[in-house]
Amino acid sequence: MSAINTTETHPEAFLLVGIPGLEHQHIWISIPFFFAYTLALLGNCTLLFIIWADSALHEPMYLFLAMLATIDLVLSSTTLPKMLAIFWLRNQEINFYACLIQMFFLHSFSIMESAVLLAMAFDRYVAICKPLHYTTILTKPLIIKIGLAAVTRAVTLMTPLPFLLRRFHYCRGTMIAHCYCEHMAVVRLACGDTRFNNIYGIAVAMFIVVLDLLFVILSYVFILRAVLQLASQEARYKAFGTCVSHIGAILSTYTPVVISSVMHRVARRAAPHVHILLAIFYLLFPPMINPIIYGVKTKQIRDHVLSLFRRKDV
């Protein structure tokens, strides 16, 4: 098998174990993963189609939502097809460079998702705290710049990782105890001094999560203060109601991250499959649930979906 062969610096391929300790249950585990991935594809593609087809939805809030849907599609599609191939076909082999590319896309788009959620918080802040200036502040050129900044930040932070991993010798085997190429799972197989990789990975994760989440919380502090200053309870309810979908998206994205982080520290002796299942949950849950949140809570999108079903009934 080519995973056993090595070049001077790295193996030709790795073998992805899947979920260690649960190999005999891979077929059963794959069923909810397959349905979740199918829902993510259908939901996010539907969102993108509705936003593209309806010119009334070519507004900042929906353009950011389109960015989020695109990122969710890439995130889930980067890992799930290969994961299902492992579960169904026992196709565990992944080329060394394909592994690095998967890792790069996975981590880069995770960073982009965090940036887009921050941009959506800024959108809600402007809409509620500066409603008269909404259209003059959040112009299409600014939205494009925000999107490019999100991509640039992610690519800049993640580009060093493949090059850092490429320089290592891998003397600890070629079996990755995971069902996709995650940075630290690959680093564990490397020989030599990997301290920089460890520190860099943790520093980037902390920088992104803490900084972005801090600004999101700060935005909502200003939003809450502005909402509480509104005269009537109905106006307060209506204003804050426009934020419910975004809050749901934030919770669906950051809650698995926090749970996984706590589990790594509190339950260090937990079986490896517990941490891997949490990591998969983080990848699958937001892409699956975000279209549902926005479809149910956003009137314009909900009405558009209902109109599609009415046309089928006619």
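Note that the structure is a prediction, hence the values are computed from the model and not measured.
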Quiz item: At their closest point, which heavy atom of N44 faces which heavy atom of A40, and how far apart are they?
Solution: ND2-O, 2.8 Å

Quiz item: Which atom pair, heavy atoms only, marks the closest approach of R236 to V227?
Solution: CG-O, 2.9 Å

Quiz item: By side chain to side chain donor-acceptor pair (under 3.5 Å), which residues pair with Y125, not counting sequence neighbours?
Solution: none

Quiz prompt | Joint cluster assignment, L89 & F87, ILVMFWY side-chain distance < 4.5 Å | solution = yes

Practice problem: Could you list the residues that satisfy side chain to side chain contact (heavy atoms under 4.5 Å, CB included) with A115, not counting sequence neighbours? | Solution: A150, R153

Practice problem: Using the six-membered ring wherever Trp is involved, compare the ring planes of F109 and F105 and label them parallel, tilted or perpendicular (cut-offs 30° and 60°). | Solution: parallel

Practice problem: Compare every heavy atom of I223 with every heavy atom of A121, then report the nearest pair and how far apart it is. | Solution: O-CD1, 4.3 Å

Quiz item: Looking at T79 and Q102, what are the two nearest heavy atoms and their distance?
Solution: CA-NE2, 3.9 Å

Self-check item: Any residue meeting side chain to side chain contact (heavy atoms under 4.5 Å, CB included) with P131, in chain and number order, not counting sequence neighbours
Solution: none

Quiz item: Can you list the steps and then say if M83 with Y180 is a side-chain contact (heavy atoms from CB on, under 4.5 Å)?
Solution: CA-CA 7 Å; M83 204 182 298; Y180 56 83; 3.9 Å; yes

Practice problem: List in chain and number order the residues that pass ring-ring contact (aromatic ring centres under 6.0 Å, His included) with Y294, two or more places apart in sequence or in another chain; answer none if no residue qualifies. | Solution: none

For residues 17-32, which side-chain N or O atoms pair as donor and acceptor with protein atoms under 3.5 Å away, sequence neighbours left out?
residue: E23; atom: OE1; partner: G21; partner atom: N; Å: 2.9
residue: H26; atom: NE2; partner: I19; partner atom: N; Å: 3.1
residue: S30; atom: OG; partner: I27; partner atom: O; Å: 2.5
residue: S30; atom: OG; partner: W88; partner atom: NE1; Å: 2.7

Self-check item: Donor-acceptor contact below 3.5 Å, side chain D54 vs main chain I50
Solution: no

Quiz item: Is there a side-chain contact (heavy atoms from CB on, under 4.5 Å) between V186 and F168 once you walk through the steps?
Solution: CA-CA 10 Å; V186 177; F168 287 125; over 6 Å; no

Quiz item: With a 4.5 Å limit on heavy-atom distance, are the side chains of L106 and L283 in contact?
Solution: yes

Quiz item: In Å and rounded to the nearest 0.5 Å, what is the CD1 to NE2 distance from I143 to H58?
Solution: 11.5 Å

Quiz item: Between L42 and P291, is any pair of side-chain heavy atoms under 4.5 Å apart?
Solution: no

Exercise. Please identify each residue that fulfils side chain to side chain contact (heavy atoms under 4.5 Å, CB included) with F196, with sequence neighbours left out.
Key: L164, Y200

Practice problem: Apply side chain to side chain contact (heavy atoms under 4.5 Å, CB included) to T156 and list each qualifying residue two or more places apart in sequence or on a separate chain. | Solution: T152

Quiz item: Between S110 and L75, which heavy-atom pair has the shortest distance, and what is it?
Solution: OG-CD2, 3.6 Å

Self-check item: All pairs passing salt bridge (charged side-chain N to carboxylate O under 4.0 Å, His left out) where residues 192-211 contributes a residue, at least two apart
Solution: D193-R195

Quiz item: Do you know which of I51, L57, L48 makes side chain to side chain contact (heavy atoms under 4.5 Å, CB included) with L65?
Solution: I51

Quiz prompt | side chain to side chain donor-acceptor pair (under 3.5 Å) pairs, two or more places apart, involving residues 215-235 | solution = Y220-H246

Quiz item: Would you find a donor on one side and an acceptor on the other, under 3.5 Å apart, between the side chain of E93 and the backbone of A13?
Solution: no

Quiz item: Does the side-chain contact (heavy atoms from CB on, under 4.5 Å) test come out yes or no for M158 and V204, once each step is laid out?
Solution: CA-CA 9 Å; M158 285 299 106; V204 169; 3.6 Å; yes

Quiz prompt | Beyond-backbone contact of F122 with L118, side-chain heavy atoms, under 4.5 angstrom | solution = no

Quiz item: Does F64 have any ring-ring contact (aromatic ring centres under 6.0 Å, His included) partners at least two apart in sequence or in another chain, and if so, which?
Solution: none

Self-check item: disulfide bond (SG atoms under 2.5 Å apart): pairs with one or both residues in residues 135-166, sequence neighbours excluded
Solution: none

Self-check item: Rounded distance (nearest 0.5 Å) linking atom NE2 of H107 with atom CE of M112
Solution: 13.0 Å

Self-check item: Y282 and L278, any side-chain heavy atoms less than 4.5 Å apart
Solution: no

Quiz item: Does L16 offer a backbone N or O that forms a donor-acceptor pair with the side chain of Q92 under 3.5 Å?
Solution: yes

Quiz item: Hey, is the main chain of P286 close enough, under 3.5 Å, to the side chain of N290 for a donor-acceptor pair?
Solution: yes

Self-check item: Straight-line distance of L68 CG to Y62 OH, nearest 0.5 Å
Solution: 14.5 Å

Quiz prompt | Non-hydrogen side-chain atoms of S114 and T253 separated by less than 4.5 Å | solution = no

Quiz prompt | Transitive ILVMFWY side-chain link Y97 to Y170, under 4.5 Å | solution = yes

Quiz item: Same hydrophobic cluster for L214 and V221, using side-chain heavy-atom links shorter than 4.5 Å among ILVMFWY?
Solution: no

Self-check item: Residue list, ring-ring contact (aromatic ring centres under 6.0 Å, His included) with F281, at least two apart or on another chain
Solution: F285

Quiz item: Would a hydrophobic clustering, with Ile, Leu, Val, Met, Phe, Trp and Tyr connected at side-chain separations under 4.5 Å, put L211 with L117?
Solution: yes

Quiz item: Between CD1 of I176 and CE of M103, what distance do you get to the nearest 0.5 Å?
Solution: 10.0 Å

Self-check item: Side chain S77, main chain V74, donor-acceptor under 3.5 Å
Solution: no

Self-check item: side-chain contact (heavy atoms from CB on, under 4.5 Å) evaluation trace for T135 with T139
Solution: CA-CA 6 Å; T135 55; T139 59; over 6 Å; no

Quiz item: If you round to the nearest 0.5 Å, how far is CE of M184 from CG of N198?
Solution: 3.5 Å

Practice problem: Taking atom OH of Y254 as the centre, report whether more than 12 heavy atoms of other residues, nucleotides or ligands fall under 6.0 Å from it. | Solution: yes

Quiz item: Do the side chains of L165 and F163 join up, straight or via other hydrophobic residues, at under 4.5 Å, putting them in one cluster?
Solution: no

Quiz item: With no hydrogens and no angle check, is any side-chain donor or acceptor of D123 less than 3.5 Å from a backbone partner on P60?
Solution: no

Quiz item: Given side chains that start at C-beta, do those of H133 and V126 come closer than 4.5 Å, heavy atoms only?
Solution: no

Quiz item: Which pair of non-hydrogen atoms, one from P287 and one from L284, has the smallest distance, and what is that distance?
Solution: CD-O, 3.3 Å

Quiz prompt | Rounded distance (nearest 0.5 Å) linking atom NZ of K140 with atom NZ of K145 | solution = 15.5 Å

Exercise. Using modelled atom types only, decide if a donor and an acceptor are shared between the side chain of T255 and the backbone of S252 within a distance under 3.5 Å.
Key: no

